[in-house]
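Structure first, commentary second.
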Amino acid sequence: MMEDQEEKGNAENGIGRQKQVKDEYLLQFLDSLDGYLTLLDSLSSTLSQGWLELASARHAMGASRINGALLDLKVHAAATSLKVSEQDVDSMESQPCFTLCKWASSDNGERSSGEEKSLSPQLRHRNNSQLSGIISSPQRQKSLSVFGVLVSPKLRSAQLSFERALETLVEIANLHTTMLSMFEQVHKELENTNG
Amino acid sequence: MTFNIHGGYLEAIVRGYRAGLLTAADYNNLCQCETLDDIKMHLSATEYGPYLQNEPSPLHTTTIVEKCTLKLVDEYKHMLCQATEPLSTFLEYITYGHMIDNVVLIVTGTLHERDVQELLEKCHPLGMFDSIATLAVAQNMRELYRLVLVDTPLAPYFSECITSEDLDDMNIEIMRNTLYKAYLEDFYKFCQKLGGATAEIMSDLLAFEADRRAVNITINSIGTELTRDDRRKLYSNFGLLYPYGHEELAVCEDIDQVRGVMEKYPPYQSIFSKLSYGESQMLDKAFYEEEVKRLCLAFEQQFHYGVFFAYMRLREQEIRNLMWISECVAQNQKSRVHDSVVFIF
(Lines give C-alpha, C1' and ligand atoms only; values in the text may rest on other atoms or scores of the structure.)
Protein backbone atom coordinates (compact mmCIF):
# COMPACT_ATOMS: atom_id res chain seq x y z
CA MET A 1 0.00 0.00 0.00
CA MET A 2 2.83 2.36 0.86
CA GLU A 3 4.49 1.45 -2.40
CA ASP A 4 1.24 2.15 -4.27
CA GLN A 5 0.96 5.54 -2.66
CA GLU A 6 4.60 6.28 -3.49
CA GLU A 7 4.10 5.28 -7.10
CA LYS A 8 0.94 7.36 -7.25
CA GLY A 9 2.86 10.32 -5.79
CA ASN A 10 5.70 9.93 -8.32
CA ALA A 11 3.23 9.72 -11.19
CA GLU A 12 1.47 12.89 -9.98
CA ASN A 13 4.85 14.69 -9.69
CA GLY A 14 5.73 13.55 -13.20
CA ILE A 15 2.43 14.84 -14.58
CA GLY A 16 2.91 18.11 -12.67
CA ARG A 17 6.44 18.58 -14.09
CA GLN A 18 5.16 17.83 -17.61
CA LYS A 19 2.41 20.44 -17.14
CA GLN A 20 5.01 22.91 -15.87
CA VAL A 21 7.19 22.33 -18.93
CA LYS A 22 4.18 22.71 -21.25
CA ASP A 23 3.18 25.96 -19.51
CA GLU A 24 6.75 27.20 -19.81
CA TYR A 25 6.84 26.55 -23.56
CA LEU A 26 3.46 28.18 -23.96
CA LEU A 27 4.56 31.25 -22.00
CA GLN A 28 7.76 31.52 -24.04
CA PHE A 29 5.74 31.26 -27.24
CA LEU A 30 3.31 33.94 -26.11
CA ASP A 31 6.18 36.18 -24.96
CA SER A 32 7.94 35.84 -28.30
CA LEU A 33 4.67 36.51 -30.15
CA ASP A 34 4.11 39.63 -28.05
CA GLY A 35 7.68 40.79 -28.73
CA TYR A 36 7.22 40.09 -32.46
CA LEU A 37 4.05 42.17 -32.69
CA THR A 38 5.64 45.01 -30.68
CA LEU A 39 8.68 45.04 -32.96
CA LEU A 40 6.46 45.08 -36.08
CA ASP A 41 4.71 48.15 -34.70
CA SER A 42 8.04 49.77 -33.84
CA LEU A 43 9.36 49.05 -37.35
CA SER A 44 6.34 50.68 -38.94
CA SER A 45 6.73 53.88 -36.92
CA THR A 46 10.52 54.00 -37.43
CA LEU A 47 10.13 53.66 -41.20
CA SER A 48 7.41 56.35 -41.26
CA GLN A 49 9.72 58.66 -39.34
CA GLY A 50 12.61 57.90 -41.71
CA TRP A 51 10.59 58.65 -44.84
CA LEU A 52 9.30 61.92 -43.38
CA GLU A 53 12.83 62.96 -42.37
CA LEU A 54 14.00 62.19 -45.91
CA ALA A 55 11.21 64.38 -47.31
CA SER A 56 12.21 67.08 -44.81
CA ALA A 57 15.83 66.86 -45.98
CA ARG A 58 14.71 67.16 -49.60
CA HIS A 59 12.62 70.20 -48.62
CA ALA A 60 15.65 71.82 -46.95
CA MET A 61 18.35 70.94 -49.48
CA GLY A 62 16.32 70.92 -52.70
CA ALA A 63 15.17 68.17 -55.02
CA SER A 64 18.31 68.45 -57.18
CA ARG A 65 20.47 67.44 -54.21
CA ILE A 66 18.35 64.59 -52.88
CA ASN A 67 17.06 62.30 -55.60
CA GLY A 68 17.48 58.75 -56.81
CA ALA A 69 19.57 59.79 -59.82
CA LEU A 70 22.53 60.53 -57.52
CA LEU A 71 22.83 57.04 -56.04
CA ASP A 72 26.14 55.37 -56.83
CA LEU A 73 25.97 52.63 -59.46
CA LYS A 74 29.70 51.86 -59.31
CA VAL A 75 30.48 48.37 -58.02
CA HIS A 76 31.38 48.67 -54.34
CA ALA A 77 31.22 46.52 -51.22
CA ALA A 78 28.13 46.73 -49.06
CA ALA A 79 28.58 48.96 -46.05
CA THR A 80 26.34 46.71 -43.97
CA SER A 81 25.93 42.95 -44.21
CA LEU A 82 23.91 40.21 -42.57
CA LYS A 83 25.56 37.14 -41.06
CA VAL A 84 23.49 33.96 -40.66
CA SER A 85 24.74 31.36 -38.22
CA GLU A 86 23.29 28.25 -36.63
CA GLN A 87 22.56 28.48 -32.94
CA ASP A 88 22.02 25.37 -30.82
CA VAL A 89 18.75 25.68 -28.92
CA ASP A 90 19.17 22.32 -27.28
CA SER A 91 21.20 19.23 -28.10
CA MET A 92 18.61 18.08 -30.66
CA GLU A 93 17.87 21.25 -32.65
CA SER A 94 19.54 24.30 -34.05
CA GLN A 95 17.93 27.45 -35.36
CA PRO A 96 19.29 30.22 -37.60
CA CYS A 97 20.58 33.35 -35.87
CA PHE A 98 20.86 36.66 -37.76
CA THR A 99 23.55 39.21 -36.90
CA LEU A 100 23.89 42.62 -38.52
CA CYS A 101 27.42 43.79 -39.29
CA LYS A 102 27.08 47.56 -39.65
CA TRP A 103 29.45 49.89 -41.43
CA ALA A 104 32.03 47.19 -42.18
CA SER A 105 33.78 47.38 -45.56
CA SER A 106 35.18 44.31 -47.27
CA ASP A 107 37.12 46.29 -49.90
CA ASN A 108 40.46 44.71 -50.86
CA GLY A 109 39.52 41.51 -49.09
CA GLU A 110 40.09 42.97 -45.65
CA ARG A 111 37.36 43.39 -43.13
CA SER A 112 37.65 46.66 -41.30
CA SER A 113 36.12 46.87 -37.86
CA GLY A 114 32.39 46.94 -38.16
CA GLU A 115 29.72 47.11 -35.55
CA GLU A 116 27.84 44.07 -34.43
CA LYS A 117 24.17 44.71 -33.92
CA SER A 118 24.55 44.16 -30.21
CA LEU A 119 26.77 47.25 -29.77
CA SER A 120 25.12 50.49 -28.80
CA PRO A 121 24.34 52.74 -31.75
CA GLN A 122 26.65 55.56 -32.88
CA LEU A 123 24.28 58.19 -31.57
CA ARG A 124 25.87 59.60 -28.46
CA HIS A 125 24.13 62.32 -26.54
CA ARG A 126 26.78 64.43 -24.96
CA ASN A 127 25.55 67.77 -23.74
CA ASN A 128 24.43 69.59 -26.86
CA SER A 129 26.78 67.89 -29.34
CA GLN A 130 24.08 65.74 -30.89
CA LEU A 131 25.29 66.45 -34.42
CA SER A 132 28.90 65.35 -34.02
CA GLY A 133 27.75 62.22 -32.16
CA ILE A 134 25.53 61.19 -35.04
CA ILE A 135 28.22 61.44 -37.71
CA SER A 136 31.19 59.94 -35.87
CA SER A 137 31.54 56.86 -38.14
CA PRO A 138 33.50 57.51 -41.38
CA GLN A 139 31.53 54.78 -43.16
CA ARG A 140 28.28 56.41 -42.10
CA GLN A 141 29.50 59.74 -43.53
CA LYS A 142 30.71 58.04 -46.70
CA SER A 143 27.33 56.47 -47.40
CA LEU A 144 25.70 59.90 -47.35
CA SER A 145 28.39 61.48 -49.53
CA VAL A 146 26.41 60.53 -52.67
CA PHE A 147 24.26 63.53 -51.77
CA GLY A 148 27.25 65.77 -51.05
CA VAL A 149 29.64 66.23 -48.15
CA LEU A 150 27.76 69.12 -46.49
CA VAL A 151 24.32 67.64 -45.95
CA SER A 152 21.54 68.79 -43.69
CA PRO A 153 21.19 67.27 -40.17
CA LYS A 154 17.74 66.14 -41.32
CA LEU A 155 19.32 63.77 -43.82
CA ARG A 156 21.57 62.37 -41.10
CA SER A 157 18.51 61.84 -38.88
CA ALA A 158 16.80 60.00 -41.73
CA GLN A 159 19.88 57.78 -42.08
CA LEU A 160 19.73 56.95 -38.37
CA SER A 161 16.04 56.10 -38.61
CA PHE A 162 16.63 53.69 -41.48
CA GLU A 163 19.56 52.17 -39.57
CA ARG A 164 17.27 51.59 -36.59
CA ALA A 165 14.68 50.06 -38.91
CA LEU A 166 17.31 47.65 -40.25
CA GLU A 167 18.28 46.63 -36.70
CA THR A 168 14.61 46.09 -35.86
CA LEU A 169 14.19 43.90 -38.95
CA VAL A 170 17.04 41.67 -37.79
CA GLU A 171 15.51 41.47 -34.30
CA ILE A 172 12.18 40.56 -35.90
CA ALA A 173 13.84 37.79 -37.93
CA ASN A 174 15.51 36.35 -34.81
CA LEU A 175 12.32 36.59 -32.79
CA HIS A 176 10.36 35.00 -35.62
CA THR A 177 12.73 32.03 -35.57
CA THR A 178 12.38 31.73 -31.78
CA MET A 179 8.61 32.01 -32.05
CA LEU A 180 8.42 29.22 -34.62
CA SER A 181 10.69 27.03 -32.51
CA MET A 182 8.51 27.61 -29.42
CA PHE A 183 5.41 26.87 -31.44
CA GLU A 184 6.93 23.54 -32.53
CA GLN A 185 7.69 22.70 -28.90
CA VAL A 186 4.15 23.56 -27.77
CA HIS A 187 2.73 21.54 -30.66
CA LYS A 188 4.91 18.55 -29.74
CA GLU A 189 3.87 18.70 -26.09
CA LEU A 190 0.21 18.83 -27.07
CA GLU A 191 0.65 15.80 -29.32
CA ASN A 192 2.43 13.91 -26.53
CA THR A 193 -0.40 14.73 -24.14
CA ASN A 194 -3.07 13.64 -26.62
CA GLY A 195 -1.08 10.59 -27.70
CA MET B 1 11.88 108.89 -63.04
CA THR B 2 12.48 107.14 -66.30
CA PHE B 3 12.07 103.63 -64.88
CA ASN B 4 8.60 103.16 -66.41
CA ILE B 5 9.89 103.71 -69.94
CA HIS B 6 11.67 100.36 -69.98
CA GLY B 7 10.59 98.61 -66.78
CA GLY B 8 7.05 99.84 -66.16
CA TYR B 9 5.26 97.19 -68.16
CA LEU B 10 7.19 94.30 -66.61
CA GLU B 11 6.83 95.70 -63.09
CA ALA B 12 3.06 95.72 -63.66
CA ILE B 13 3.25 92.16 -64.98
CA VAL B 14 5.21 90.90 -61.97
CA ARG B 15 2.86 92.63 -59.55
CA GLY B 16 0.01 90.86 -61.32
CA TYR B 17 1.83 87.55 -60.97
CA ARG B 18 2.33 88.27 -57.27
CA ALA B 19 -1.44 88.60 -56.82
CA GLY B 20 -1.74 84.97 -57.94
CA LEU B 21 0.33 83.58 -55.07
CA LEU B 22 -1.54 81.16 -52.81
CA THR B 23 -3.14 82.62 -49.69
CA ALA B 24 -3.51 81.24 -46.17
CA ALA B 25 -7.04 80.07 -47.06
CA ASP B 26 -5.64 78.08 -50.01
CA TYR B 27 -3.04 76.47 -47.75
CA ASN B 28 -5.68 75.61 -45.14
CA ASN B 29 -7.70 73.82 -47.81
CA LEU B 30 -4.65 72.02 -49.12
CA CYS B 31 -3.56 70.92 -45.64
CA GLN B 32 -6.89 69.19 -45.18
CA CYS B 33 -6.61 67.07 -48.31
CA GLU B 34 -6.66 63.31 -47.87
CA THR B 35 -5.02 62.31 -51.16
CA LEU B 36 -2.85 63.82 -53.89
CA ASP B 37 -5.90 63.85 -56.18
CA ASP B 38 -7.62 66.12 -53.64
CA ILE B 39 -4.59 68.44 -53.83
CA LYS B 40 -4.85 68.43 -57.62
CA MET B 41 -8.54 69.27 -57.37
CA HIS B 42 -7.87 72.23 -55.04
CA LEU B 43 -5.02 73.48 -57.22
CA SER B 44 -7.25 73.32 -60.32
CA ALA B 45 -9.02 76.42 -58.96
CA THR B 46 -5.70 78.30 -58.79
CA GLU B 47 -3.24 79.43 -61.48
CA TYR B 48 -1.68 75.95 -61.36
CA GLY B 49 -4.88 74.45 -62.74
CA PRO B 50 -3.91 74.32 -66.43
CA TYR B 51 -0.57 72.71 -65.59
CA LEU B 52 -2.03 69.85 -63.57
CA GLN B 53 -5.33 69.19 -65.28
CA ASN B 54 -3.98 66.64 -67.77
CA GLU B 55 -1.95 64.65 -65.28
CA PRO B 56 -3.33 61.14 -64.86
CA SER B 57 -3.90 59.44 -61.53
CA PRO B 58 -2.18 58.13 -59.51
CA LEU B 59 -0.26 61.35 -58.99
CA HIS B 60 3.20 61.50 -57.50
CA THR B 61 4.60 64.32 -55.38
CA THR B 62 7.43 64.92 -57.87
CA THR B 63 4.85 65.38 -60.66
CA ILE B 64 3.06 68.11 -58.70
CA VAL B 65 6.38 69.89 -58.07
CA GLU B 66 7.48 69.56 -61.72
CA LYS B 67 4.25 71.00 -63.11
CA CYS B 68 4.18 73.88 -60.63
CA THR B 69 7.80 74.65 -61.54
CA LEU B 70 6.83 74.75 -65.24
CA LYS B 71 4.45 77.61 -64.45
CA LEU B 72 7.28 79.56 -62.83
CA VAL B 73 9.51 78.89 -65.84
CA ASP B 74 6.84 80.10 -68.28
CA GLU B 75 6.36 83.32 -66.32
CA TYR B 76 10.11 83.89 -66.12
CA LYS B 77 10.58 83.35 -69.86
CA HIS B 78 7.75 85.75 -70.61
CA MET B 79 9.42 88.43 -68.51
CA LEU B 80 12.89 87.72 -69.90
CA CYS B 81 11.85 87.97 -73.53
CA GLN B 82 10.21 91.35 -72.86
CA ALA B 83 13.07 92.77 -70.81
CA THR B 84 15.75 95.19 -72.01
CA GLU B 85 19.12 95.91 -70.44
CA PRO B 86 19.93 96.05 -67.61
CA LEU B 87 16.76 94.24 -66.46
CA SER B 88 17.46 91.29 -68.78
CA THR B 89 20.89 90.78 -67.17
CA PHE B 90 19.30 91.11 -63.73
CA LEU B 91 16.75 88.43 -64.61
CA GLU B 92 19.50 86.14 -65.90
CA TYR B 93 21.43 86.54 -62.67
CA ILE B 94 18.44 85.12 -60.79
CA THR B 95 18.89 81.77 -62.59
CA TYR B 96 22.64 81.30 -62.10
CA GLY B 97 22.07 79.56 -58.76
CA HIS B 98 20.03 76.89 -60.54
CA MET B 99 22.70 76.63 -63.21
CA ILE B 100 25.30 75.86 -60.53
CA ASP B 101 23.01 73.22 -59.01
CA ASN B 102 22.53 71.61 -62.42
CA VAL B 103 26.29 71.54 -63.12
CA VAL B 104 26.94 69.85 -59.79
CA LEU B 105 24.09 67.39 -60.37
CA ILE B 106 25.46 66.31 -63.75
CA VAL B 107 29.06 66.06 -62.49
CA THR B 108 28.08 64.12 -59.35
CA GLY B 109 25.77 61.80 -61.24
CA THR B 110 28.46 61.10 -63.84
CA LEU B 111 30.94 60.31 -61.06
CA HIS B 112 28.40 57.75 -59.84
CA GLU B 113 28.08 56.26 -63.35
CA ARG B 114 24.53 57.42 -63.94
CA ASP B 115 23.02 57.92 -67.38
CA VAL B 116 23.25 61.51 -68.61
CA GLN B 117 19.65 61.56 -69.90
CA GLU B 118 18.38 60.50 -66.50
CA LEU B 119 20.37 63.32 -64.90
CA LEU B 120 19.16 65.90 -67.41
CA GLU B 121 15.56 65.06 -66.50
CA LYS B 122 16.33 65.94 -62.88
CA CYS B 123 17.87 69.32 -63.73
CA HIS B 124 16.01 72.51 -62.83
CA PRO B 125 14.59 74.03 -66.05
CA LEU B 126 15.68 77.55 -65.07
CA GLY B 127 19.30 76.43 -64.95
CA MET B 128 19.58 74.74 -68.34
CA PHE B 129 22.08 75.81 -70.99
CA ASP B 130 23.02 74.41 -74.40
CA SER B 131 26.15 72.43 -73.67
CA ILE B 132 25.09 71.04 -70.30
CA ALA B 133 25.17 67.41 -71.46
CA THR B 134 28.86 67.75 -72.35
CA LEU B 135 29.66 68.09 -68.65
CA ALA B 136 29.60 64.30 -68.42
CA VAL B 137 32.86 64.11 -70.40
CA ALA B 138 35.03 66.13 -67.98
CA GLN B 139 37.38 64.32 -65.58
CA ASN B 140 38.53 67.30 -63.52
CA MET B 141 37.66 70.95 -62.99
CA ARG B 142 40.14 72.20 -65.56
CA GLU B 143 38.40 70.12 -68.24
CA LEU B 144 34.98 71.16 -66.93
CA TYR B 145 35.97 74.77 -67.49
CA ARG B 146 37.80 74.30 -70.79
CA LEU B 147 35.26 72.03 -72.50
CA VAL B 148 31.96 73.45 -71.29
CA LEU B 149 31.79 76.25 -68.78
CA VAL B 150 34.09 78.76 -70.51
CA ASP B 151 31.16 79.71 -72.78
CA THR B 152 28.58 79.99 -70.02
CA PRO B 153 27.80 82.79 -67.57
CA LEU B 154 29.47 80.70 -64.83
CA ALA B 155 32.93 81.06 -66.44
CA PRO B 156 34.07 84.03 -64.32
CA TYR B 157 33.22 82.13 -61.14
CA PHE B 158 35.58 79.29 -61.94
CA SER B 159 38.82 81.19 -61.51
CA GLU B 160 38.89 80.34 -57.80
CA CYS B 161 38.39 76.62 -58.16
CA ILE B 162 40.26 75.48 -61.26
CA THR B 163 42.50 72.59 -60.36
CA SER B 164 43.64 69.45 -62.13
CA GLU B 165 42.55 67.28 -59.22
CA ASP B 166 40.13 64.58 -60.12
CA LEU B 167 36.55 65.23 -59.21
CA ASP B 168 35.51 63.48 -56.01
CA ASP B 169 32.73 64.12 -53.48
CA MET B 170 34.71 66.62 -51.39
CA ASN B 171 36.08 68.54 -54.39
CA ILE B 172 32.61 68.72 -55.91
CA GLU B 173 31.18 70.06 -52.66
CA ILE B 174 33.89 72.71 -52.43
CA MET B 175 33.34 73.56 -56.11
CA ARG B 176 29.58 73.97 -55.51
CA ASN B 177 30.03 76.31 -52.59
CA THR B 178 32.90 78.27 -54.16
CA LEU B 179 30.86 78.84 -57.33
CA TYR B 180 27.83 79.94 -55.34
CA LYS B 181 29.95 82.31 -53.25
CA ALA B 182 31.43 83.89 -56.40
CA TYR B 183 27.95 84.16 -57.96
CA LEU B 184 26.44 85.88 -54.92
CA GLU B 185 29.33 88.36 -54.70
CA ASP B 186 29.05 89.11 -58.44
CA PHE B 187 25.27 89.59 -58.21
CA TYR B 188 25.76 91.88 -55.21
CA LYS B 189 28.29 94.04 -57.12
CA PHE B 190 25.98 94.19 -60.14
CA CYS B 191 23.08 95.41 -57.98
CA GLN B 192 25.35 97.99 -56.32
CA LYS B 193 26.26 99.30 -59.79
CA LEU B 194 22.57 99.65 -60.68
CA GLY B 195 22.17 101.93 -57.68
CA GLY B 196 18.96 103.51 -56.33
CA ALA B 197 16.20 101.44 -54.77
CA THR B 198 17.41 98.30 -56.56
CA ALA B 199 20.79 98.48 -54.83
CA GLU B 200 19.23 99.22 -51.45
CA ILE B 201 16.65 96.43 -51.54
CA MET B 202 18.79 93.80 -53.25
CA SER B 203 21.70 94.46 -50.86
CA ASP B 204 19.47 93.55 -47.95
CA LEU B 205 18.08 90.44 -49.65
CA LEU B 206 21.45 89.17 -50.89
CA ALA B 207 23.14 89.90 -47.55
CA PHE B 208 20.49 87.78 -45.85
CA GLU B 209 21.10 85.02 -48.38
CA ALA B 210 24.85 85.17 -47.74
CA ASP B 211 24.36 85.05 -43.97
CA ARG B 212 21.95 82.14 -44.20
CA ARG B 213 24.41 80.26 -46.39
CA ALA B 214 27.15 80.84 -43.84
CA VAL B 215 25.00 79.38 -41.06
CA ASN B 216 23.97 76.36 -43.15
CA ILE B 217 27.55 75.65 -44.22
CA THR B 218 28.63 75.82 -40.58
CA ILE B 219 25.91 73.50 -39.30
CA ASN B 220 26.24 71.02 -42.18
CA SER B 221 30.02 70.83 -41.81
CA ILE B 222 30.05 70.10 -38.07
CA GLY B 223 31.79 66.76 -37.51
CA THR B 224 32.84 66.37 -41.17
CA GLU B 225 36.31 66.39 -42.77
CA LEU B 226 35.98 70.05 -43.80
CA THR B 227 38.66 72.04 -41.96
CA ARG B 228 38.01 75.37 -40.29
CA ASP B 229 40.06 77.18 -42.95
CA ASP B 230 38.16 75.53 -45.78
CA ARG B 231 34.89 76.35 -44.06
CA ARG B 232 35.91 80.00 -43.67
CA LYS B 233 36.82 80.18 -47.39
CA LEU B 234 33.26 79.17 -48.37
CA TYR B 235 31.62 82.16 -46.63
CA SER B 236 30.75 85.13 -48.87
CA ASN B 237 32.67 88.39 -48.43
CA PHE B 238 29.64 90.49 -47.63
CA GLY B 239 26.61 90.39 -45.37
CA LEU B 240 25.89 91.32 -41.78
CA LEU B 241 28.10 88.52 -40.48
CA TYR B 242 31.13 89.58 -42.55
CA PRO B 243 33.86 89.59 -41.29
CA TYR B 244 33.66 89.09 -37.51
CA GLY B 245 30.68 86.75 -37.48
CA HIS B 246 32.41 84.54 -40.03
CA GLU B 247 35.53 84.32 -37.85
CA GLU B 248 33.40 83.06 -34.97
CA LEU B 249 31.27 80.72 -37.10
CA ALA B 250 34.38 79.12 -38.58
CA VAL B 251 35.34 77.65 -35.19
CA CYS B 252 31.89 76.50 -34.07
CA GLU B 253 31.65 72.80 -33.17
CA ASP B 254 27.97 72.51 -32.34
CA ILE B 255 24.60 74.18 -32.86
CA ASP B 256 24.66 76.02 -29.53
CA GLN B 257 27.96 77.71 -30.39
CA VAL B 258 26.35 78.79 -33.68
CA ARG B 259 23.41 80.15 -31.69
CA GLY B 260 25.82 82.04 -29.42
CA VAL B 261 27.39 83.73 -32.45
CA MET B 262 24.11 84.57 -34.20
CA GLU B 263 22.36 85.99 -31.14
CA LYS B 264 24.85 88.86 -31.11
CA TYR B 265 23.17 90.14 -34.29
CA PRO B 266 19.69 91.59 -33.55
CA PRO B 267 18.05 90.58 -36.89
CA TYR B 268 18.97 86.94 -36.20
CA GLN B 269 18.11 86.95 -32.49
CA SER B 270 14.42 86.54 -33.30
CA ILE B 271 15.18 83.56 -35.57
CA PHE B 272 17.21 81.68 -32.98
CA SER B 273 14.84 82.56 -30.16
CA LYS B 274 12.27 80.26 -31.84
CA LEU B 275 14.57 77.25 -31.36
CA SER B 276 15.16 75.30 -28.18
CA TYR B 277 18.72 74.55 -27.10
CA GLY B 278 20.50 71.85 -29.06
CA GLU B 279 17.80 71.82 -31.73
CA SER B 280 18.27 72.69 -35.38
CA GLN B 281 15.24 71.05 -37.01
CA MET B 282 13.12 74.22 -37.11
CA LEU B 283 15.99 76.51 -38.17
CA ASP B 284 15.21 76.14 -41.88
CA LYS B 285 11.58 77.15 -41.36
CA ALA B 286 12.63 80.11 -39.19
CA PHE B 287 14.99 81.33 -41.92
CA TYR B 288 12.35 80.85 -44.64
CA GLU B 289 9.83 82.87 -42.60
CA GLU B 290 12.30 85.72 -42.22
CA GLU B 291 13.14 85.57 -45.93
CA VAL B 292 9.45 85.70 -46.93
CA LYS B 293 8.95 88.75 -44.68
CA ARG B 294 11.82 90.59 -46.39
CA LEU B 295 10.68 89.50 -49.88
CA CYS B 296 7.14 90.78 -49.28
CA LEU B 297 8.54 94.12 -48.09
CA ALA B 298 10.30 94.52 -51.47
CA PHE B 299 6.87 95.07 -53.07
CA GLU B 300 6.21 98.09 -50.86
CA GLN B 301 8.45 100.27 -53.05
CA GLN B 302 8.13 100.91 -56.74
CA PHE B 303 10.51 101.44 -59.64
CA HIS B 304 13.17 98.90 -58.77
CA TYR B 305 14.21 95.44 -59.94
CA GLY B 306 13.99 93.84 -56.50
CA VAL B 307 10.36 92.95 -57.14
CA PHE B 308 11.42 90.48 -59.85
CA PHE B 309 13.87 88.73 -57.55
CA ALA B 310 11.32 88.75 -54.72
CA TYR B 311 8.61 87.27 -56.92
CA MET B 312 10.82 84.42 -58.16
CA ARG B 313 11.86 83.58 -54.62
CA LEU B 314 8.28 83.72 -53.31
CA ARG B 315 7.14 81.34 -56.05
CA GLU B 316 9.98 78.97 -55.18
CA GLN B 317 8.86 79.09 -51.55
CA GLU B 318 5.31 78.36 -52.65
CA ILE B 319 6.50 75.32 -54.62
CA ARG B 320 8.43 74.15 -51.54
CA ASN B 321 5.23 74.49 -49.52
CA LEU B 322 3.28 72.44 -52.07
CA MET B 323 6.01 69.82 -52.10
CA TRP B 324 5.87 69.50 -48.29
CA ILE B 325 2.09 69.36 -48.15
CA SER B 326 2.06 66.68 -50.88
CA GLU B 327 4.66 64.59 -49.05
CA CYS B 328 2.73 64.79 -45.75
CA VAL B 329 -0.50 63.78 -47.50
CA ALA B 330 1.16 60.97 -49.45
CA GLN B 331 2.86 59.60 -46.30
CA ASN B 332 -0.25 59.99 -44.15
CA GLN B 333 1.54 62.42 -41.83
CA LYS B 334 -0.88 65.33 -41.91
CA SER B 335 -0.16 66.19 -38.30
CA ARG B 336 3.33 67.29 -39.40
CA VAL B 337 2.18 69.44 -42.31
CA HIS B 338 2.65 72.74 -40.45
CA ASP B 339 6.28 71.87 -39.58
CA SER B 340 7.54 73.38 -42.81
CA VAL B 341 4.76 75.36 -44.50
CA VAL B 342 5.54 79.09 -44.61
CA PHE B 343 2.55 81.31 -45.32
CA ILE B 344 3.24 84.15 -47.72
CA PHE B 345 0.05 86.16 -47.17
Side-chain angles (χ1 to χ4, degrees), chain A residues 44-45 47-76 122-138 140-159 161, chain B residues 61-62 65-66 69 98 101-102 104-105 108-109 111-115 118-119 121-124 127 168-170 172-174 176-177 216-217 219-226 231 234 253-257 277-281 283-285 320 323-324 326-328 330-333 336 339-340:
Chain A
S44 170
S45 66
L47 281 174
S48 300
Q49 188 184 331
W51 285 117
L52 192 69
E53 281 164 348
L54 187 61
S56 184
R58 196 184 297 124
H59 178 268
M61 292 170 64
S64 65
R65 290 202 61 187
I66 311 252
N67 62 72
L70 289 171
L71 297 175
D72 199 343
L73 288 185
K74 282 199 296 242
V75 173
H76 57 280
Q122 287 292 319
L123 177 59
R124 300 194 302 276
H125 295 281
R126 86 192 138 162
N127 297 332
N128 296 319
S129 305
Q130 193 177 1
L131 285 169
S132 42
I134 288 171
I135 47 180
S136 56
S137 159
R140 181 180 274 121
Q141 280 186 57
K142 196 177 166 213
S143 70
L144 276 190
S145 63
V146 291
F147 301 117
V149 174
L150 303 182
V151 296
S152 165
K154 293 174 183 177
L155 190 63
R156 301 192 201 281
S157 299
Q159 183 185 39
S161 295
Chain B
T61 55
T62 49
V65 172
E66 266 170 39
T69 305
H98 293 298
D101 287 340
N102 287 350
V104 174
L105 173 66
T108 307
L111 187 69
H112 298 156
E113 295 185 4
R114 303 302 298 240
D115 181 55
E118 190 186 3
L119 296 169
E121 282 167 19
K122 297 287 181 189
C123 288
H124 196 289
D168 63 18
D169 292 324
M170 180 56 95
I172 290 173
E173 189 69 46
I174 290 179
R176 181 210 310 273
N177 286 284
N216 283 337
I217 287 169
I219 291 174
N220 293 349
S221 62
I222 289 172
T224 66
E225 299 164 349
L226 197 71
R231 188 197 280 181
L234 299 180
E253 296 293 339
D254 60 47
I255 184 73
D256 287 325
Q257 289 179 18
Y277 279 94
E279 186 226 339
S280 65
Q281 298 291 328
L283 183 60
D284 287 321
K285 185 180 178 185
R320 265 197 298 275
M323 174 247 149
W324 180 250
S326 305
E327 284 286 350
C328 287
Q331 295 184 29
N332 204 19
Q333 296 263 24
R336 302 289 298 275
D339 283 4
S340 295

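The sequence lines fix the lettering, A, B, ..., with proteins before strands; numbering per chain opens at 1. Since the structure is predicted, the reported quantities are computational estimates derived from the model, not experimental observations.
- With a threshold of 4.5 angstrom between heavy atoms, B:Asn332 does not approach chain A through any atom at all.
- With A:Leu150 as reference, B:Ile217 is the one residue of B:Ile219, B:Asn216, B:Ile217 to meet the side chain to side chain contact (heavy atoms under 4.5 Å, CB included) rule.
- Contact annotation for A:Leu71: both backbone and side-chain heavy atoms come within less than 4.5 Å of a heavy atom of chain B.
- Within the 4.5 Å cutoff, the side chain of A:Val149 has no heavy atoms near those of the B:Glu225 side chain.
- Only the side chain of B:Glu173 comes within less than 4.5 Å of a heavy atom in chain A; its backbone stays farther off.
- Using a 4.5 Å cut-off between heavy atoms, B:Ile172 makes no contact with chain A at all.
- Between the side chain of A:Arg65 and the backbone N or O of B:Asp101 there is no donor-acceptor pair closer than 3.5 Å.
- Looking only at side-chain heavy atoms (C-beta outward), B:Asp284 and A:His59 stay at 4.5 Å or farther from each other.
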Would you sort out whether A:Ser157 and B:Gln281 count as a side-chain contact (heavy atoms from CB on, under 4.5 Å), showing the intermediate values? CA-CA 10 Å; A:Ser157 299; B:Gln281 298 291 328; 3.8 Å; yes

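- The main-chain N or O of A:Ala63 is never found under 3.5 Å from a side-chain atom of B:Lys122 such that the two would form a donor-acceptor pair.
- Minimum interatomic distance between A:Val146 and B:Thr108 (heavy atoms only, all atoms of both residues): O-CG2, 3.9 Å.
- Between A:Asn67 and B:Leu105, some side-chain heavy-atom pair lies under the 4.5 Å cut-off.
- Here the closest non-hydrogen pair linking A:Ala69 and B:Arg114 is O-CG, 3.0 Å.
- The CG atom of A:Asp72 sits 8.0 Å away from atom CG of B:Asp169, with the distance rounded to the nearest 0.5 Å.
- Between A:Ser152 and B:Asn220, the shortest heavy-atom contact is CA-OD1, 3.4 Å.
- Only the side chain of B:Met323 has a heavy atom closer than 4.5 Å to any heavy atom of chain A.
- Note that CZ of B:Arg336 and OG of A:Ser48 are 11.0 Å apart. Values are rounded to the nearest 0.5 Å.
- Here the straight-line distance linking atom NE2 of B:His112 with atom NE2 of A:His76 works out to 9.0 Å at 0.5 Å rounding.
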